[in-house]
Engineer: 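To start, I am sharing the structure in question, which I have written as structure tokens.
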Amino acid sequence: FINPFLSATKKVLKVQCFMEITPDKPHLKKASDPLLLGDVSGIISINSETFTGTLAISMSEPIFIKIVSNMLGD
């Protein structure tokens, strides 16, 4: 279920930002985990007849700045 999101994220960063990435292994968030792990995060809501949940993409500020810099050619 998560693999299409990982694949799409990798492809977008490769095509739009000229970056090859290796995502960490996906995991379920525990109640004791912090809400978000990085400085910059995005949350995608997923709702269907069989599943309801959220997917978080989170990264540190230096990584985010590098992505934006590569994307804008700045």
Side-chain angles (χ1 to χ4, degrees):
F1 187 76
I2 192 71
N3 288 334
F5 288 99
L6 292 175
S7 177
T9 301
K10 286 175 65 172
K11 186 172 183 176
V12 166
L13 289 174
K14 182 177 182 178
V15 171
Q16 299 278 329
C17 305
F18 313 102
M19 298 179 79
E20 294 281 343
I21 65 162
T22 304
D24 287 344
K25 184 178 176 185
H27 64 277
L28 294 175
K29 184 178 148 315
K30 298 175 195 148
S32 61
D33 288 345
L35 291 177
L36 298 170
L37 302 175
D39 299 314
V40 179
S41 301
I43 300 175
I44 301 167
S45 178
I46 304 168
N47 295 302
S48 72
E49 291 179 7
T50 58
F51 180 82
T52 299
T54 56
L55 171 79
I57 299 172
S58 190
M59 63 195 79
S60 67
E61 183 179 358
I63 291 172
F64 180 75
I65 290 171
K66 178 67 175 166
I67 290 170
V68 172
S69 176
N70 281 12
M71 183 186 287
L72 299 176
D74 192 17

Engineer: Going by side chain to side chain contact (heavy atoms under 4.5 Å, CB included), name the residues that satisfy it together with T52, two or more places apart in sequence or in a different chain.
Structural biologist: N47
Engineer: Name the atoms and distances for all side-chain donor-acceptor pairs under 3.5 Å in residues 53-70, with sequence neighbours left out.
Structural biologist:
| residue | atom | partner | partner atom | Å |
| --- | --- | --- | --- | --- |
| S58 | OG | G38 | N | 2.6 |
| S58 | OG | S41 | OG | 2.8 |
| K66 | NZ | N70 | OD1 | 3.4 |
| S69 | OG | D74 | O | 2.4 |
| N70 | ND2 | C17 | O | 3.1 |

Engineer: Report the distance from atom NZ of K14 to atom CE of M19, rounding to the nearest 0.5 Å.
Structural biologist: 13.5 Å
Engineer: Which pairs, with at least one residue in residues 42-61 and sequence neighbours excluded, count as a ring-ring contact (aromatic ring centres under 6.0 Å, His included)?
Structural biologist: F1-F51
Engineer: I'd like to check the side chain to side chain contact (heavy atoms under 4.5 Å, CB included) partners of K25; sequence neighbours left out, ordered by chain and number.
Structural biologist: none
Engineer: Please, which pairs that meet salt bridge (charged side-chain N to carboxylate O under 4.0 Å, His left out) have at least one residue in residues 27-50, sequence neighbours excluded?
Structural biologist: none
Engineer: Looking at CD of E20 and CG of L13, how far apart are the two atoms once the value is rounded to the nearest 0.5 Å?
Structural biologist: 10.0 Å
Engineer: Suppose we screen for side-chain hydrogen bond (donor to acceptor under 3.5 Å, both in side chains). Which residues come up paired with D24, at least two apart in sequence or across chains?
Structural biologist: none
Engineer: What ring-ring contact (aromatic ring centres under 6.0 Å, His included) pairs are there with at least one residue in residues 22-42, not counting sequence neighbours?
Structural biologist: none
Engineer: Is there a path from I44 to I2 through hydrophobic residues (I, L, V, M, F, W, Y) whose side chains come within less than 4.5 Å of each other?
Structural biologist: yes
Engineer: Excluding sequence neighbours, so at least two apart, what forms side chain to side chain contact (heavy atoms under 4.5 Å, CB included) with K10?
Structural biologist: I21, P23
